[in-house]
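Keep in mind that the numbers below use all heavy atoms, side chains included, and drop hydrogens, waters and symmetry copies.
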Amino acid sequence: MSLNRLLVASLIFVSPLAMAEPVTYKVDEAHASIVFKANHLGFAYVYGKFGTTEGTINWDEKAPEKSTFEIKTKAESLNTLNSKRDDHLRGPDFFNAKQFPEIVLKSKSIKKAGKNKYNVTADLTMLGKTKPISFVWTQMKTGKDPWGNERTGGETTFKVKRSDWGMTYMTKPGEISDEIELLVSLEAVKQ
């Protein structure tokens, strides 16, 4: 092999694109929301929010299938703006926050599904049980914020059956909906 060909092959091998790795982002808790919605007795929906959200996203823009994330929240941090209901939700009938303090969403696979859309399969761990879920993640923007930090962010909505994790209190028709809708929206800052 000639010296020129060897040099070109070396440059290709060590080029930034060839060596690109996922960028690590840390979830910005001040700009992250996990909101849930449950039907109460068929009359109306009750909404709640978890007050803590932390986690890491390892994002590879060129190869999303190499990307990963892990998002965590504390069951104790839930808030529906009614302290009596919140105490009940934190108790053994629902989240059992003392015994199972953490709820974790961890990616298994991420695949491009269109412009700024990704099909995600993940494991959701709650009440000591881990179950697979699927959803579409919409990436809203990646870029510099007004303070010079690089951020990325987006959101998803998906539904889960709480009974799949053993949360069976009042799941009969006409009681509290077994199917719960969740909205996860977050920003994360490059590390």
Side-chain angles (χ1 to χ4, degrees), residues 21-38 46-60 63-80 85-111 113 117-140 142 151-169 171 176-191:
E21 291 190 21
V23 176
T24 299
Y25 294 88
K26 183 178 176 187
V27 171
D28 176 2
E29 190 170 354
H31 298 98
S33 299
I34 300 174
V35 178
F36 59 89
K37 169 182 160 181
V46 173
Y47 292 81
K49 181 179 178 183
F50 290 95
T52 64
T53 308
E54 59 184 50
T56 303
I57 300 166
N58 296 302
W59 185 247
D60 190 324
E65 66 280 1
K66 295 180 182 176
S67 302
T68 62
F69 66 81
E70 184 173 76
I71 309 298
K72 298 177 183 181
T73 189
K74 302 283 186 206
E76 187 72 25
S77 74
L78 73 84
N79 187 348
T80 65
R85 177 175 49 227
D86 292 347
D87 288 343
H88 190 200
L89 288 171
R90 292 178 188 126
D93 286 337
F94 291 97
F95 287 97
N96 200 357
K98 285 194 186 343
Q99 188 175 352
F100 303 105
E102 207 165 58
I103 300 168
V104 180
L105 183 64
K106 185 174 183 179
S107 65
K108 290 173 69 176
S109 74
I110 300 172
K111 295 179 182 170
K117 302 276 186 195
Y118 300 89
N119 289 327
V120 177
T121 58
D123 282 335
L124 177 60
T125 301
M126 182 169 58
L127 291 165
K129 295 180 181 174
T130 301
K131 301 278 184 183
I133 62 166
S134 301
F135 55 86
V136 175
W137 177 260
T138 301
Q139 185 177 18
M140 296 176 73
T142 298
R151 288 180 181 262
T152 191
E155 71 175 23
T156 186
T157 58
F158 57 91
K159 294 178 181 177
V160 297
K161 284 184 132 181
R162 60 189 176 94
S163 60
D164 288 346
W165 282 265
M167 196 183 298
T168 57
Y169 181 80
T171 54
I176 299 169
S177 56
D178 187 17
E179 189 173 75
I180 306 297
E181 187 171 344
L182 289 119
L183 165 76
V184 179
S185 182
L186 55 84
E187 294 179 21
V189 181
K190 182 178 178 181
Q191 299 301 290

In terms of relative ring orientation, are F95 and F50 parallel, tilted or perpendicular, with 30° and 60° separating the classes?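 Ring orientation of F95 relative to F50: perpendicular.
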Can you classify the ring geometry of F94 versus Y169 as parallel (below 30°), tilted (30 to 60°) or perpendicular (above 60°)?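 Aromatic pair F94/Y169 classed perpendicular.
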Taking atom [atom1] of [X] and atom [atom2] of [Y], what is their separation to the nearest 0.5 Å?
X    : Y    : atom1 : atom2 : answer
I180 : K161 : CD1   : NZ    : 11.5 Å
N96  : L89  : CG    : CG    : 12.0 Å
L124 : K106 : CG    : NZ    : 13.5 Å
W59  : I110 : CH2   : CD1   : 5.5 Å
E102 : T52  : CD    : OG1   : 8.5 Å
E54  : K74  : CD    : NZ    : 5.5 Å

Considering all heavy atoms, the nearest [X]-[Y] contact:
X    : Y    : answer
A38  : I176 : CB-CG2, 4.4 Å
A122 : L105 : CB-CD1, 3.7 Å
A75  : A97  : CB-CB, 3.8 Å
M126 : I103 : CG-CG1, 4.2 Å
S33  : K49  : OG-NZ, 3.5 Å
T168 : R162 : C-NH1, 4.4 Å

Whether the side chain of S107 engages the backbone of T68 through a donor-acceptor N/O pair (distance < 3.5 Å, no angle test) should be reported.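 No, S107 side chain to T68 backbone: no donor-acceptor pair under 3.5 Å.
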Do F100 and W165 have their ring centres less than 6.0 Å from each other?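 So the answer is no for these two rings.
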May I ask you to check whether T121 and S109 show a side-chain donor-acceptor distance below 3.5 Å?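 Yes.
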If we ignore angles and hydrogens, is there a donor and acceptor under 3.5 Å between the side chains of T80 and D86?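 Indeed, the side chains of T80 and D86 share at least one donor-acceptor pair under 3.5 Å.
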With a 4.5 Å limit on heavy-atom distance, are the side chains of [X] and [Y] in contact?
X    : Y    : result
V104 : K72  : yes
F69  : V120 : yes
R85  : V46  : yes

Without placing hydrogens or testing angles, list every side-chain donor-acceptor pair under 3.5 Å for residues 127-134, not counting sequence neighbours.
from	atom 1	to	atom 2	distance (Å)
T130	OG1	T125	OG1	2.7

Applying side-chain hydrogen bond (donor to acceptor under 3.5 Å, both in side chains), can you list everything that pairs with [X], at least two apart in sequence or on another chain?
X    : answer
T171 : none
E181 : none
D164 : none

Which side-chain N or O atoms in residues 152-160 pair as donor and acceptor under 3.5 Å with protein atoms at least two apart or in another chain?
from	atom 1	to	atom 2	distance (Å)
T152	OG1	Q139	NE2	2.9
T152	OG1	T142	OG1	2.7
T156	OG1	V136	O	2.8

Does N58 form a side-chain hydrogen bond (donor to acceptor under 3.5 Å, both in side chains) with T24? I'd like the steps, not just the answer. CA-CA 4 Å; N58 296 302; T24 299; 2.8 Å; yes
Residue pairs involving residues 22-36 (criterion salt bridge (charged side-chain N to carboxylate O under 4.0 Å, His left out); sequence neighbours excluded):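 Qualifying pairs, neighbours excluded: D28-R151.
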Tell me whether K37 at atom NZ has more than 12 heavy atoms from other residues, nucleotides or ligands lying less than 6.0 Å away.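 Counting neighbours around NZ of K37, more than 12 heavy atoms of other residues, nucleotides or ligands fall under 6.0 Å, so yes.
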